[in-house]
2 protein chains.
Amino acid sequence: MQVPLYQAKAELFRMLGHPVRIRVLELLQAGPMPVRDLLGAIEIEPSSLSQQLAVLRRSGIVTATRDGSTVVYALAGVDVAALMQAARRILTGMLAGQAGLLEELREAETSAR
Amino acid sequence: MQVPLYQAKAELFRMLGHPVRIRVLELLQAGPMPVRDLLGAIEIEPSSLSQQLAVLRRSGIVTATRDGSTVVYALAGVDVAALMQAARRILTGMLAGQAGLLEELREAETSAR
DNA sequence: ATATGAATTGCATAGTTCTTCAATTGACCA
DNA sequence: TGGTCAATTGAAGAACTATGCAATTCATAT
């Protein structure tokens with residue numbers, strides 16, 4: 001084995017880099033959930049969802065357990081919330097930055113005329 | 001505009017999903033740094049580094065300023081540390097999970113014979 | 001046994017992202 | 001002006017990822 005940490009991080013982030021996978025992780029934060037409910041909550045074809053669930057499973061961030069004819073997904077006891085929160089903060093920070101830039105541009109515009 | 005939040009997050013994570021980009025962000029946490037030094041710290045061709053820096057710039061997470069003939073990169077006043085820390089925690093959590101699994105497997109093996 | 005519903009897998013196509021090389025820009029000095 | 005070093009850009013091909021359809025598996029009900 002022995003994968004450098006920065007590479008493991010890159011793989012983790014790459015695995016997170018898909019809107020459906022993000023939504024699934026966000027939904028699972030409220031607790032385990034069967035595929036049927038995920039399908040109800042996300043507008044997507046069953047097979048596409050399965051593909052994305054397979055990505056999450058392979059990475060080890062979620063687990064799937066069969067209960068009769070339904071399959072239930074759950075977070076693999078891992079603190080996804082902190083990641084999502086950090087992401088949200090970065091996004092608001094960057095939007096604020098852009099807003100600030102817009103502001104500056106508007107001022108420059110005004111003072112120029 | 002109006003991009004759903006989960007999509008913005010996915011784009012942010014996708015942007016982070018490359019080992020070179022991770023290393024750059026980690027290096028920049030110690031403060032602004034010229035391209036020359038980044039090149040010294042990361043084993044990579046100049047043009048490849050430039051490509052990855054361009055991705056980071058486009059996303060708005062870093063800024064580049066020219067100082068004479070060198071270009072200096074800096075984090076765009078954004079809290080990358082929290083993200084990296086959350087990622088590290090998740091990774092160690094998942095490795096622990098795998099280690100635990102290995103442990104279980106070993107025990108099962110032993111008790112089976 | 002057969003049929004049905006839930007979920008997954010296999011596969012082909014289309015779309016993105018990486019990598020590398022050659023060409024370019026910008027700053028500086030002789 | 002011409003040369004050189006730093007960094008970037010452009011473009012082509014390879015490698016990877018996503019999407020959607022058809023086929024499959026598994027569990028359950030008839």
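So you know, we letter chains A, B, ... as the sequences are listed, proteins then strands, and number each from 1. The analysis underlying the following values was restricted to heavy atoms, covering all of them including side chains, and did not include hydrogens, waters or symmetry mates.
- Overall bending of the helix from C:dA1-D:dT30 to C:dA30-D:dT1, expressed as the angle between end axes built from five pairs apiece, is 0° (10° steps).
- In terms of position along DNA chain D, the nucleotide closest to A:Arg21 lies nearer the 5' end than the nucleotide closest to the other residue of the pair A:Asp67 and A:Arg21.
- Annotation: proximity of residues 26-34 of chain A to DNA chain C (heavy atom, distance under 4.0 Å) is found for no residue.
- Of the inter-residue distances, the one linking B:Leu49 atom CG with B:Ile44 atom CD1 reads 5.0 Å to the nearest 0.5 angstrom.
- Dashed line: the shortest gap from a side-chain N or O of A:Arg57 to OP1 or OP2 of C:dA7 is not under 4.0 Å.
- Sorted pairs that involve residues 41-60 of chain B and meet ring-ring contact (aromatic ring centres under 6.0 Å, His included), not counting sequence neighbours, are lacking altogether.
- Here the CZ-OG1 distance, from A:Arg36 to A:Thr70, works out to 5.5 Å after rounding to the nearest 0.5 Å.
- No side-chain donor-acceptor contact under 3.5 Å links A:Arg21 to the backbone of A:Leu56.
- At the heavy-atom level, A:Ser50 lies under 4.0 Å from base atoms of the strands shown.
- In this structure, CG of A:Asp37 is placed 18 Å from P of C:dG5, rounded to the nearest angstrom.
- For the atom pair OG (B:Ser59) and CD1 (A:Ile90), the distance works out to 9.5 Å, reported to the nearest 0.5 Å.
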Identify the pairs formed between an N or O of the protein and an N or O of nucleotides 24-27 of chain C at a distance under 3.5 Å, and give each distance.
none

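- Look at B:Tyr73 and you won't find any side-chain N or O under 4.0 angstrom from OP1 or OP2 of D:dA6.
- Across all strands shown, A:Leu53 has heavy atoms under 4.0 Å from sugar-phosphate atoms exclusively, and none from any base.
- Projected onto DNA chain C by closest heavy-atom contact, B:Ser48 and A:Leu39 fall at different nucleotides, the more 5' of which corresponds to A:Leu39.
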Nucleotides 10-15 of chain C: which of its N/O atoms have a protein N/O under 3.5 Å away?
unit_1	atom_1	unit_2	atom_2	d
C:dG10	O6	A:Gln51	NE2	3.4

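- Listed by residue number, the members of residues 6-20 of chain A with any heavy atom below 4.0 angstrom from DNA chain D are A:Arg14, A:His18.
- A:Asp79 contributes atom CG, which lies 8.5 Å from atom CD of A:Gln29 (distance to the nearest 0.5 angstrom).
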